[in-house]
Every structure is written in structure tokens, then in C-alpha cells.
Amino acid sequence: MRRMRGGYEAFWSLALLALMAATFRLWLPASWIGTGDYPAVPMFDLAKVGLTQQAAGLVSFAATLAIVVACFATVGLGRSRLTWPIIAVSLATAVILDQHRLQPWAYQSFLYAILFAAAPRDESGRLSESTFRLVRLLTISVYVFSAVGKFDFQFLHTVGQDFLKAPLQWGGVDVSAWSARTRLIAAASFPGFELCVAIALSWPRTRMLGVWMATVMHLGLIAVLSPMGLGHSPGVIVWNAVMAMQAWWLFAGTVVEVEDEPNTEIRRVGALPWTVVVIALVMPIFERAGYWDHWLAWALYSPHSSRVTLQIHESAIDQLPEEWQAAITADDDPDRWHDFHLGQLSLAVRKVPSVPQARYQWALADRIIQQFGIENQVRGKVQSASDRWTGERDEQWWTRPDEFEKAGKQFWLVP
């Protein structure tokens, strides 16, 4: 227990560095890596606080550099109360300047940074056992909300089917020959297994079983999402590897309490850590109602999220950068309208998933439209989160600039 507590801060610092390296296009200045045409989407109009685009870029890079330096300092020290406030503030600053950085693991790192900065430590400077209980609680909640979000019409009929086909086809099994009912039940086994992981990790007597189950689950996801499977982004694969290792750091060997470890009451961790944990545990309940982001509610690999569906007229396609063409679907539409997939655009240019949130995607579409002057050559619709049981969504179509602007007035945190 003592060795685990002493090294966990260094472990998560290295994990954060690895995740940022895997998604470096999100964090480095766009001009350095050739993604300058992909617009950043801040949480508010930066001009209102006197920040030009160039100044915002410098602040963003400074925040990224601060995170990296603080992580290396934490690794060097093994633990540090001083570096985590820097990481928390810098992560928040980077996300405010570009919402695309609000990846699930960045949010998880932000929560951990606040806990590590504010929670009590023992005489040697190590995090207290009560702090680790909160971290374990947060980790278990990730699995619970992620699993519950997948017991959903959209997941069972789309992504769940992809998860099913990818590994079975390696063994030559054709799932299309199965009945629809069998395929749905098989797809439901994925969130069912994830929920069992959460339950097993919650009880001391089954905790090691949960560790092994979590390891199998994350290694399985790495295989399915790898280039030989669904070919997902590097950051997602790295995060699954981190989560598998974290299961061993947090839960392995914690079945029996060590006698020389004081059983500190969890309430002694203080008001700020408890506030962070309560928010993280309660707010995901309001995700379906639109009061909390899908990723912040751990709706992972779950396609029920709100979104913006965009179409672009053929006459405007040549105005976009060449590498963006991969996100535009060739179509035989006689009116020459083509689907413009913002999710594929994110993967093609920044190599990370797009934020699955209508708010972000509307703001991204707005910036693209203004940047390339194609106001009258795009159309689309804003779609709500889908109904859990039917998969149906509320839709708001727009074909004119004024209709597009009206659709965006429903959102918070858009510039």
C-alpha cells in the first residue's frame, strides 16, 4: 500500500504526458504542425476580454508547456503538492481556449489534479488513504456511467455491432448470419461486462477479480480499436492502456488493510475534494437532459450523443483544404449536396475524436463557415441526444444563415 501511494502521482503524471504526446496536434500551436486551418473553439468570445487570436495561441502554448513541465517535476519528485495546482489551472486554461481539448482523459486528469492538490497527506508527504478512496470511487463511477450509457438503442444497433463484428471476424465468424435478437443480446454483453467490472471493484473480496476483468476489458478494447480492428485514434488506445495499468495501481493489493496504515476517515479530506467528487458523481445523471456534457458523463463509445449534421454544396468543396476532402462523402445527389462529417474531419486533421456535443459541433461549423465564406453553401440539422429506448432524436433543420444562427442560440459556452 505504501509503495503504491508513493508512486501513483508519478504514474499519473507519466500517463498524462503519454496522452498529450499521443494527441499532440491538440496541444501544439497549429502553425507548427500544419493544422492551422482547423479552427479552435473557445468557450467564450475572446475579443471581449481583449485576447486576439495570436495572443490566445501564445497563452494556449504556455498552458501546455506548464502542464508538461509540472508533470516532469512531479515524476522527478515522485509526489508534489505544488505541481498539481499548476496542472489543474493549465488544463482548465487550455480547454477554455479550445473545447476540443476536453477529452475524457483530460477531464479525468483535471479532477485528479484538484484532489492531489487539495487532499491531505501523511507525514512523509504521501497522499492519504482517504484520498485514494475518493480516486477509487471516481474510477468506479467511470465504469458505471460508461456501462449505463451503452444500454441504449443507438449503441446496441450501431457501435455495439461494430464491437461484435471486429473480433469475431478474426476467427472467421460471420455475425450477419445470427438473428437480430442474438446480435442485440451479444452487443449488450459489452456494457454488461463493464458493469460487472465496476461491481467487482467495489467490494474488497472481489476486487482482484475486478482488476483482472478490467485488464481483459481494456486489452480487448485496444485490440478492437487498433489498426487491425476499427482503426481508432492513438489517444483512445493509450487511454485504455493507462486505465488497465491504473486498475492495478489503485485496486490490486488493497483487499486487506495494512495494519500500520491509519484508517483515516474519508470525511477528513476536506471540502474542495469532496465537492469535486460529488459534482463528478451527480452531474452525469443530467447528461440526457442536456445539462452536462456527454464525455463528462463518461458516455464513451456511445453514439446517443447530440450532434450537428452538416452538408456542403459541391461548388464550395474546392474552397476547403485538400486534406479535409476525406471528411466529405462523395454522393450522387442530383442537387450536388455532399455530407460533411465533422467527426471524420477531426480524425483526419487532428487525429483525435471530435467532441460529441452539438454545442461544440455547431460552434465548429460556424467557425468553418465564417473562415471560408461559405454561408450560403452549407445546410444541415442540429440533433438532440437520442431516446434511450427508441433511438429517436429531436431535429432542427437549417438551410439559411439566419436559421443557422437561430439554432445556435440554444447553446451555452459558445463564442
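Residue numbers count from 1 along this sequence.
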Find the distance between [atom1] ([X]) and [atom2] ([Y]) and round it off to the nearest 0.5 Å.
X    : Y    : atom1 : atom2 : result
H232 : S226 : NE2   : OG    : 12.0 Å
D152 : R288 : CG    : CZ    : 4.5 Å
M208 : L201 : CE    : CG    : 10.0 Å
L16  : I87  : CG    : CD1   : 6.5 Å

Taking the ring of [Y] and the ring of [X], is the distance between their centroids below 6.0 Å?
X    : Y    : value
H304 : F155 : no
Y8   : F11  : yes
W292 : F286 : no
Y301 : F163 : yes

- Show the numbers, then the answer: is there a ring pair (Phe, Tyr, Trp, His ring centres under 6.0 Å) between W324 and F372? CA-CA 13 Å; W324 290 26; F372 295 99; 5.4 Å; yes

Does any donor atom in the side chain of [X] or [Y] lie under 3.5 Å from an acceptor atom in the other side chain?
X    : Y    : result
S90  : T93  : no
Q103 : W239 : no
T329 : H341 : yes
Q361 : R307 : no
T139 : Y112 : yes
Q357 : Q99  : no
T74  : W84  : no

- Residue pairs, two or more places apart or on separate chains, that pass ring-ring contact (aromatic ring centres under 6.0 Å, His included) and touch residues 45-70: W32-F61

- Query: According to the ring-ring contact (aromatic ring centres under 6.0 Å, His included) rule, which pairs have a member within residues 204-223, sequence neighbours left out?
  - Reply: Y143-H218, W212-W248

- Query: Is any side-chain N of the basic residue among R81 and E9 closer than 4.0 Å to the acidic one's carboxylate O?
  - Reply: no

- Checking D293 side chain against W295 main chain: does a donor-acceptor pair fall under 3.5 Å? no

- Item | Q169: side-chain hydrogen bond (donor to acceptor under 3.5 Å, both in side chains) partners, not counting sequence neighbours | none

